[in-house]
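Comments concern the structure below.
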Number of protein chains: 4
Amino acid sequence: MRADAKRNRAKILAAAEEVFVAAGSDASTEEVARRAGVAIGTVFRHFPTKNDLLAAIMKELADRLAGEAETLAAEGDPATALFTFFAGVVEQAAGRKTVVELLDVDIRVDSQLQTMRDAIGALLTRAQQAGAVRAGVRLDEVMALLTATSAGALRAGWDRDLRTRTLDVVFAGLRPR
Amino acid sequence: MRADAKRNRAKILAAAEEVFVAAGSDASTEEVARRAGVAIGTVFRHFPTKNDLLAAIMKELADRLAGEAETLAAEGDPATALFTFFAGVVEQAAGRKTVVELLDVDIRVDSQLQTMRDAIGALLTRAQQAGAVRAGVRLDEVMALLTATSAGALRAGWDRDLRTRTLDVVFAGLRPR
Amino acid sequence: MRADAKRNRAKILAAAEEVFVAAGSDASTEEVARRAGVAIGTVFRHFPTKNDLLAAIMKELADRLAGEAETLAAEGDPATALFTFFAGVVEQAAGRKTVVELLDVDIRVDSQLQTMRDAIGALLTRAQQAGAVRAGVRLDEVMALLTATSAGALRAGWDRDLRTRTLDVVFAGLRPR
Amino acid sequence: MRADAKRNRAKILAAAEEVFVAAGSDASTEEVARRAGVAIGTVFRHFPTKNDLLAAIMKELADRLAGEAETLAAEGDPATALFTFFAGVVEQAAGRKTVVELLDVDIRVDSQLQTMRDAIGALLTRAQQAGAVRAGVRLDEVMALLTATSAGALRAGWDRDLRTRTLDVVFAGLRPR
DNA sequence: TATGAATGAGGATTCATTCAT
DNA sequence: CATGAATGAATCCTCATTCAT
């Protein structure tokens with residue numbers, strides 16, 4: 001791929017994230033093109049269908065989150081890393097920096113997203129080994145809570161205080177009694 | 001309003017709930033009319049815009065939930081009523097019996113929904129008085145968790161086991177240490 | 001169907017015939033709407049896809065031709081009726097009064113067009129019984145020649161003289177030696 | 001023109017014939033480029049518009065047919081050469097080996113195609129001199145019948161038997177009584 | 001009031017053509 | 001000269017909304 005094409009691809013992805021986060025996944029592809037500063041044809045050259053574009057955003061997001069989770073698993077304090085990660089994701093959602101709406105679609109099914117699940121799974125295991133999370137908790141419900149609260153923060157527009165208080169409850173629920 | 005008009009209004013609301021729950025809020029108004037057995041013009045006579053129709057469904061839902069909450073507040077065990085209610089809402093969402101997607105839109109703003117908030121607030125207060133919920137927990141985060149988990153159950157299609165395990169965490173987080 | 005709707009349907013069909021004959025079957029549906037004096041949505045309400053519209057024109061044409069053939073079979077001179085009909089079809093094609101382009105699509109397959117085939121078959125049989133057409137000639141090649149010459153007259157714009165001379169050859173080929 | 005450019009031109013023409021015959025003349029130029037193994041820009045460098053490309057194919061076809069006709073005129077039996085040529089063209093059309101769709105566009109107008117007309121004219125003259133074709137038959141209707149039956153064989157997909165029977169009628173019509 | 005036909009803006013997608021690399 | 005990315009007009013189709021019947 002040529003340099004300018006790669007640059008455009010990135011611009012389109014960035015614009016798409018903004019647009020779809022702001023207006024939901026039925027915002028128009030035209031709007032994405034406008035925000036990216038390219039013609040509509042360019043969007044479709046890079047992503048042959050609108051769905052491909054949405055999938056690409058999802059993949060990007062999953063990769064980014066997986067990276068963050070892996071870093072924390074490698075470097076962070078096992079007792080707090082999961083909570084740090086969790087809060088960070090919700091924070092990003094609230095800041096419209098990510099596309100949480102897409103998180104709850106097929107997240108357990110799509111093999112492309114397995115990496116992210118694995119990374120978060122590692123955080124969970126380490127937190128449990130450190131005694132920071134109850135042994136009975138499984139990855140499934142952690143993912144469920146993560147997507148649910150991220151989506152809430154994003155769509156319902158929870159303010160900072162509400163986010164904190166809500167996560168307090170969730171984290172308390174995860175900790176051993 | 002004439003009797004047949006009132007009957008039509010009810011038919012339309014019922015059809016709209018079915019349709020929007022089944023196909024998301026961008027199902028067509030035509031589809032609602034078809035399911036209700038009326039012509040499209042009749043739908044728009046009762047609800048001048050599609051948004052009005054969605055709002056009416058939301059109101060209906062809020063009223064129904066408020067009723068359930070009030071009943072539980074009046075008759076239920078203060079220590080468990082909130083949890084019972086909470087689980088019931090999530091269960092309805094999972095069973096597509098309600099329109100949770102709409103719950104997180106303006107739920108604190110819309111004065112029409114105040115009643116529901118109040119009813120749930122009463123459940124919370126009583127649970128705290130009974131020592132079943134930590135004193136520091138506020139209604140805002142309870143609502144946040146309720147909408148977030150309901151939406152998750154609905155959209156992401158959590159199965160019964162996952163719903164239970166997820167709510168276990170939330171409820172543990174609400175209880176005193 | 002309401003009276004105005006029926007009127008519009010007819011206007012659309014007429015416009016479509018004109019447009020598709022003039023510009024080929026990839027003329028735009030917009031153009032048809034414009035020519036019919038209705039909005040684009042009206043065209044699609046009557047014919048949900050462009051293909052449905054093309055099919056409807058074809059059906060209309062087939063019905064009209066079947067009617068003409070039946071009339072001639074009932075009333076005309078057996079020895080000349082087939083030739084009269086044949087020449088009439090080619091003449092209509094030349095006058096852009098019909099949509100010959102569509103004739104050669106699936107004409108033997110589509111059951112809706114069977115009627116027309118049958119009517120022309122009757123003409124052929126009677127012509128053979130009257131000794132005006134060789135016994136060995138089958139309906140298939142008559143249809144083939146009919147569509148081929150009609151399409152030629154339409155698309156290649158044969159003038160009157162050329163049409164006559166071309167049909168002279170064909171008719172001579174059909175007659176007994 | 002450089003050697004590689006000439007080679008590209010040929011590759012493009014060959015690919016275009018394949019593509020347009022297979023998918024009709026509204027196949028995309030991209031598809032032609034892909035089949036030719038060149039970039040889209042190269043196609044447009046050689047043929048500034050899609051129409052130019054179609055015209056070039058037509059010219060090629062006309063030249064090839066003219067060649068065949070000339071060979072037959074020089075070497076063949078005058079009494080059968082025209083029929084042989086005629087049947088050969090229809091056969092090629094049926095075998096998708098040529099682009100008959102284009103034959104009926106401006107075939108009398110375009111001076112580039114005069115050669116082909118002349119060659120077929122020679123076949124006709126010789127056939128008439130040999131007494132194999134009626135004296136009154138003119139080149140125009142022979143061309144008309146040729147294009148009409150070729151187009152029919154191509155587009156309507158006449159099978160071998162139907163082609164034979166149809167040409168039998170045409171040839172009978174051309175012969176003296 | 002109910003009906004359902006008409007409207008027309010909007011949206012996804014395609015493709016001939018241009019032009020920077 | 002070749003490449004292939006970018007352009008943007010054009011096309012099919014959908015759907016909220018209006019309005020004649």
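The sequence lines fix the lettering, A, B, ..., with proteins before strands; numbering per chain opens at 1.
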Can you sort out the partners of B/D4 under side-chain hydrogen bond (donor to acceptor under 3.5 Å, both in side chains), two or more places apart, ordered by chain and number?
B/R2
Write down the distance between NZ (A/K6) and C1' (E/dA20), rounded to a whole number of angstrom.
18 Å
Can you list everything that forms a side chain to side chain contact (heavy atoms under 4.5 Å, CB included) with C/F47? Sequence neighbours excluded, please.
C/R9, C/I12, C/L13, C/D52, C/L53, C/A56
Is there a residue in residues 32-48 of chain A whose heavy atoms reach under 4.0 Å of DNA chain E, and which residues are they?
A/I40, A/F44
Residues forming a side chain to side chain contact (heavy atoms under 4.5 Å, CB included) with D/R45, sequence neighbours excluded
none
Run the salt bridge (Lys or Arg N to Asp or Glu O under 4.0 Å) test against A/R7 and tell me which residues pass, sequence neighbours left out.
none
Write down the distance between CG (B/D26) and C1' (E/dA12), rounded to a whole number of angstrom.
15 Å
Given Watson-Crick and G-U pairs under 3.5 Å, DNA chain F in dot-bracket ([ ] crossing, | other strand) is .||||||||||||||||||||
Closest approach of B/A93 to B/S150 (non-hydrogen atoms, all atoms of both residues)
CB-O, 3.5 Å
Upstream residue (5' side of DNA chain F) when A/R2 and D/N8 are each assigned their closest nucleotide:
D/N8
Of all heavy-atom pairs linking B/A27 and B/V19, the shortest is CB-CG1, 3.5 Å
With sequence neighbours excluded, what pairs up with D/E31 under the side-chain hydrogen bond (donor to acceptor under 3.5 Å, both in side chains) test?
D/R34
Tell me the interatomic distance from A/K50, atom NZ, to E/dG10, atom C1', rounded to whole angstroms.
11 Å
How close or far is atom C1' of F/dT17 from atom CG of B/L54, stated in whole angstroms?
15 Å
Any B/T29 side-chain N or O less than 4.0 Å from OP1/OP2 of F/dC15:
no
Position toward the 5' end of DNA chain F (nearest nucleotide), B/N51 or A/R9:
A/R9
Taken to the nearest whole Å, CD/C/E30 to P/E/dG11 is 16 Å
Of the options F/dT3, E/dA16, E/dG11, whose atoms approach the side-chain atoms of A/S28 most closely?
E/dG11
Partner set under salt bridge (Lys or Arg N to Asp or Glu O under 4.0 Å) for B/E18, not counting sequence neighbours:
B/R35
In whole Å, what is the span from the CD atom of B/E31 to the C1' atom of F/dA16?
15 Å
Report the distance from atom CD1 of B/I12 to atom P of F/dA16, rounded to the nearest whole Å.
14 Å
Pick base, sugar-phosphate or nothing for B/D4, based on heavy-atom distances below 4.0 Å to the nucleic acid.
nothing
Test of understanding: with side-chain hydrogen bond (donor to acceptor under 3.5 Å, both in side chains), list the residues that count as partners of B/K50, not counting sequence neighbours.
none
